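Heads up, the thing below is written out as structure tokens.
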Amino acid sequence: MSEIVYLNGEFMPLEKARIPVLDRGFIFGDGVYEVIPVYSRHPFRLPEHLVRLQGSLDAIRLANPLTDAEWTRLIHDLVARHPGDDQSIYLQVTRGVAKRDHAFPRDVKQTVFMMSSPLVTPVQDLIDNGVRCITAVDYRWLKCNVKSVSLLGNCLLRQSAADAGAIEVVLFRDGYLTEASASNVFVIKGGKLLSPPKNHLILPGITYDVVLELAAACGIPVELRAVSEQEVRNADEIWVTSSTKEVLAVVTLDEKAVGSGKPGSLFKVIHSAFQEFKRKVMRAAA
Ligand SMILES: Cc1ncc(COP(=O)(O)O)c(C=O)c1O
């Protein structure tokens, strides 16, 4: 079965999907995207993803080409055209095709693209034994809250982690934690959960919100505030979160053990709460 994608109003086989070379997504990285996990054929936190999409579009002054009801219908349609129960939906909106000029074109239709891949969540070994991370200076732009397709900074940083055999790179700007190249970051110190608040320096992760809700439900005290590099390096636990990683414990940071060097006790609490929460949401949707 050939993979079916959605492009500008039509479902078609992936190999038939074509974008003109003057698309501003190609020329300028002028567009935004979302990645939505699908569990048991149910898109997880879809309304929240659509709110974030609207925020990204507003930030780049691009009109939303579809209503939330249209997005929802198309996403369910795309899911139904793929065999797996667990999928990862990627959607992208660009400012469309126009003569190359930095300033925005007038009266140009947005390009809308969506595809589905099998959802690959972390293997048990990564959950049980944790992951390695390195650190770097966060040299990305000052609109990291926008889920922009211009991901060169993130790609360069993520490759530095891959080169070091690490899963992620934890980023510091002016001596304070921001996030990682494709994840949010949480720290446990003295039984408290610390993370930077949502602002222009981090992507407002959908998983970040879920983790905060679960921490509150599990009675873990939370402080959303600037977290210094020193606090991260002396943390009892560090977690990275994203739609595909879910929650993972960082056991070495720049080759130095984090806490005991094993996934910590609060990680285990939140990880199992996350799995239980997913099951509950899926049961409710079934
Ligand atoms: C830079 C960055 N931060 C955080 C996240 C986590 O966001 P979410 O939990 O919505 O996947 C991502 C996800 O891709 C990301 O790219």
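The model shown is predicted, which means the values in this text are computed figures rather than measured ones. Only this structure's heavy atoms are used, side chains among them; waters, hydrogens and symmetry mates stay out. Both counts, for ligands and for their atoms, begin at 1 and track the order of listing.
The distance from ligand 1 to the heavy atoms of Ala180 drops below 4.0 Å at these ligand atoms: 1 (C). Residue Gly205 has at least one heavy-atom neighbour below 4.0 Å for each of these atoms of ligand 1: 7 (O), 8 (P), 9 (O), 10 (O).
Remark: Arg81 is positioned above the aromatic ring of Phe11, its terminal NZ or CZ atom under 6.0 angstrom from the ring centre and at most 45 degrees off the axis. Cation-pi geometry between Arg95 and Phe28 is not satisfied (NZ or CZ under 6.0 Å from the ring centre, within 45° of the ring normal).
The shortest N or O to N or O distance between Thr207 and ligand 1 is below 3.5 Å. At least one N/O-N/O distance between Glu179 and ligand 1 falls below 3.5 Å. Polar contact check, Leu203 against ligand 1: no nitrogen or oxygen pair lies under 3.5 Å apart. For ligand 1, the polar-atom distance check finds no N/O of Asn154 at less than 3.5 Å from any of the ligand's N/O atoms.
With Phe186 as the partner, the side-chain contact (heavy atoms from CB on, under 4.5 Å) test is satisfied by one option alone out of Val222, Leu193, Leu194: Leu193. For the side-chain contact (heavy atoms from CB on, under 4.5 Å) with Trp239, the qualifying choice from Val131, Val185, Ile188 is Ile188, the only one to do so.
Of the protein's non-hydrogen atoms, Asn184 OD1, 3.6 Å is the one closest to atom 6 (C) of ligand 1. Among all non-hydrogen protein atoms, the one lying nearest atom 16 (O) of ligand 1 is Ala182 CA, 3.4 Å.
In the candidate list Cys144, Ser242, Ser243, Ser181, Ser181 is nearest to atom 1 (C) of ligand 1, counting heavy atoms. Within the set Glu246, Arg52, Lys245, Glu168, the minimum heavy-atom distance to atom 10 (O) of ligand 1 is found for Arg52. Of the candidates Glu34, Arg45, Lys147, His49, the one placing a heavy atom closest to atom 14 (O) of ligand 1 is Lys147.
Judged by distance alone, with hydrogens and angles left aside, the side-chain atoms of Ser183 form no donor-acceptor pair with the main-chain N or O of Ala180 at under 3.5 Å.
Look at Glu34 and Arg52 and you find a salt bridge, because one of the NZ, NE, NH1 or NH2 atoms lies within 4.0 Å of a carboxylate O, short of that distance.
Within 6.0 Å of CZ on Phe26 lie no more than 12 heavy atoms contributed by other residues, nucleotides or ligands.
When non-hydrogen atoms are compared, ligand 1 lies under 4.0 Å from neither the backbone nor the side chain of Ile202.
Between the side chains of Thr121 and Glu246, no donor-acceptor pair is found at a separation under 3.5 Å.
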